[in-house]
Number of protein chains: 2
Amino acid sequence: MSALVTILDDEPEIRQLLTETLEEAGFKVQSFGRAREFEAALNRITPDVCLIDLSLPDTDGLALVHRLAQDQGAAVIIISGRAQVQDRVAGLELGADDYITKPFDPIEVVARVRARLRGGSRSPSGSTNPSSARFTGWRAHFDRFVLSDDTGTEVPFSQAEGEVLRLFLENPKRLISRAQMQEQLGGGAGDSFDRAMDVRISRLRTKLRDDPKNPTLIKTIYGAGYIFLDDVEW
Amino acid sequence: MSALVTILDDEPEIRQLLTETLEEAGFKVQSFGRAREFEAALNRITPDVCLIDLSLPDTDGLALVHRLAQDQGAAVIIISGRAQVQDRVAGLELGADDYITKPFDPIEVVARVRARLRGGSRSPSGSTNPSSARFTGWRAHFDRFVLSDDTGTEVPFSQAEGEVLRLFLENPKRLISRAQMQEQLGGGAGDSFDRAMDVRISRLRTKLRDDPKNPTLIKTIYGAGYIFLDDVEW
DNA sequence: CCCAATTCTTACGAATTGTTTCAGCGCCAG
DNA sequence: CTGGCGCTGAAACAATTCGTAAGAATTGGG
């Protein structure tokens, strides 16, 4: 299923150039020289991407862009001879998805049309991020807030513990100072906050069954901070 | 709820310039000087738009852009000093949503970031809301306001319960904070509204026969929010 | 206006996290 | 080797957050 791209521009050469290039790229193309014709056509077609030159005489740009973007769900790319920053910003604020200035390279136009088609199908909040990490003897599941053993035993960890754990797993074999922790974990730079951090780490060590005096995972560097000793695979 | 924009660029002045402008425009901003830091941070943040200078030394641009666009569902805007058409086309084909060349006007960057956010939230015009979802042991029918068991037993749920349930089922395996709930469920930021939310969830858990202390479906993350643990199929 | 269903508020016990406190350890000077 | 000083670990306690029962307020239908 090839996507439908429309062109609205009053210069025939530009229409032809774009039409050719886009068709070579595998799109279905329909071009128009006047806004009236284009608007009439909208009643029977639903374009996926619209290339528009807004400097036409009979155009109410705002209404047109709005109709395309809002009602039709089409992506709008403005192609204009006006290259000033304020023109571009105005076009984008109008609701356009992209703004290309003349003269343009048709190859780039094709690339930007493709980008718009990709963007349309993107799910707003669907996918999950890599939220599971593995290291010696353990696997941490940040989507469920549990640590799982080699034997399958599961130990839940809390939010506070998880923040520390995550910071370690993101920076293995690197010294992490208390200052960095406070910054990363957003703790107010309170006077006794470092003690809270100690407690967090202490509790985390208990769950990981790691002995501070003989650490396998979390090593204390006296006067400097902590290091996560193991390799981590996300 | 303001969108989160990240910046990845090795030049501190550019980071600062963009950060200031974007924050003035009302976005939340986090900037990074190295790809490694940025990638680490991706484990705990989910940016909506990512501004990236790919000419960094330690960057595998392809992988990074792919990860952002595919896994995280973020929009990617490349900001680069390379202005050749082939560079721009290459960047866009890589999966980026936009390509801005240095030097740039920060105002235009803001406009293009906004355009990206609009694009992401554009509602898929054709598809209607599915009104039924399935997860372990249950099927939720939002058109009839009932939950049906494996055995066919039906449990009705009310409007308020349904709102919470739907929010969970639309964001499985993701932490949902109380703030997000209040925003999504339109609850005024009342003083004691958080208790009402607790009660809603409590009742929902009762109907789902889910024990808070040993949850299968709705897990509490103390001090952070809730997570729906199961996979969901609509 | 009354009744029933739903939702919110209040209240209190339970679980989690932060803070205080102190014992113990590493490091260094002598 | 030894004692002092600052840093760290963790027990005990305090503060915060959460779960839910019970009653009050709101909504909707007659």
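Convention: sequence-line order gives letters A, B, ...; per-chain numbering from 1.
Nearest to the side-chain atoms of Ser158(A) among the listed nucleotides dT19(C), dT16(C), dT7(C) stands dT16(C). Comparing dT17(C), dA15(C), dG18(C) by their nearest atom to the side chain of Ala196(A) picks out dG18(C).
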(message) Test side-chain hydrogen bond (donor to acceptor under 3.5 Å, both in side chains) on Tyr99(B) and Arg112(A); report intermediate values, then the result.
(response) CA-CA 9 Å; Tyr99(B) 192 105; Arg112(A) 286 185 180 271; over 6 Å; no
(request) Walk me through it: do His141(B) and Ser131(B) pass the test side-chain hydrogen bond (donor to acceptor under 3.5 Å, both in side chains)? (result) CA-CA 6 Å; His141(B) 305 269; Ser131(B) 55; over 6 Å; no
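dT6(C) atom C1' lies 15 Å from atom CG of Leu204(B), rounded to whole Å. Following rounding to the nearest Å, Glu163(B) (CD) and dT7(C) (C1') show an atom-to-atom distance of 11 Å. Lys213(A) places its NZ atom 9 Å from the P atom of dG26(C), with the value rounded to the nearest Å. The NZ atom of Lys207(B) sits 12 Å away from the C1' atom of dT7(C) (whole-angstrom rounding). Rounded to an integer number of Å, the gap from CG of Asn214(A) to C1' of dC25(C) is 15 Å. One atom, CD1 of Ile218(A), and another, C1' of dA10(D), lie 15 Å apart when rounded to the nearest Å.
Of all heavy-atom pairs between Leu22(B) and Ile7(B), the closest is CD1-CD1, 4.2 Å. In plain terms, the two heavy atoms of Phe168(B) and Leu204(B) that are nearest each other are CD1-CD2, 4.4 Å. Contact between Ser132(B) and Arg139(B) at its shortest, heavy atoms only, is OG-NE, 3.2 Å.
A residue-by-residue look at Glu161(B) and Phe157(A) shows that Glu161(B) has its nearest nucleotide of DNA chain C further toward the 5' end.
The number of heavy-atom neighbours closer than 6.0 Å to CZ of Arg82(B), taken from other residues, nucleotides and ligands shown, is 12 or below.
OP1 or OP2 of dC8(C) sits under 4.0 Å from a side-chain N or O of Arg200(B).
Salt-bridge annotation for Asp97(B) and Arg114(A): absent, with no side-chain N of the basic residue lying under 4.0 Å from a carboxylate O of the acidic one.
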(request) Do nucleotides 11-28 of chain D as a string where each nucleotide becomes B, S or -: B if the base has a protein heavy atom under 4.0 Å, S if just the sugar-phosphate does, - if no protein is that close. (result) -----BBBBB--------
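Each end of the helix from dC1(C)-dG30(D) to dG30(C)-dC1(D) gets its own axis, taken as the rotation carrying the C1' atoms of four end pairs onto the next four within a five-pair window, and the two axes meet at 30° to the nearest 10 degrees.
Shown are Arg200(A), Lys207(A), Arg203(A); of these, the salt bridge (Lys or Arg N to Asp or Glu O under 4.0 Å) with Glu161(A) is made only by Lys207(A).
A cation-pi geometry, defined here as NZ or CZ lying under 6.0 Å from the six-membered ring centre and within 45° of its normal, holds between Arg166(B) and Phe142(B).
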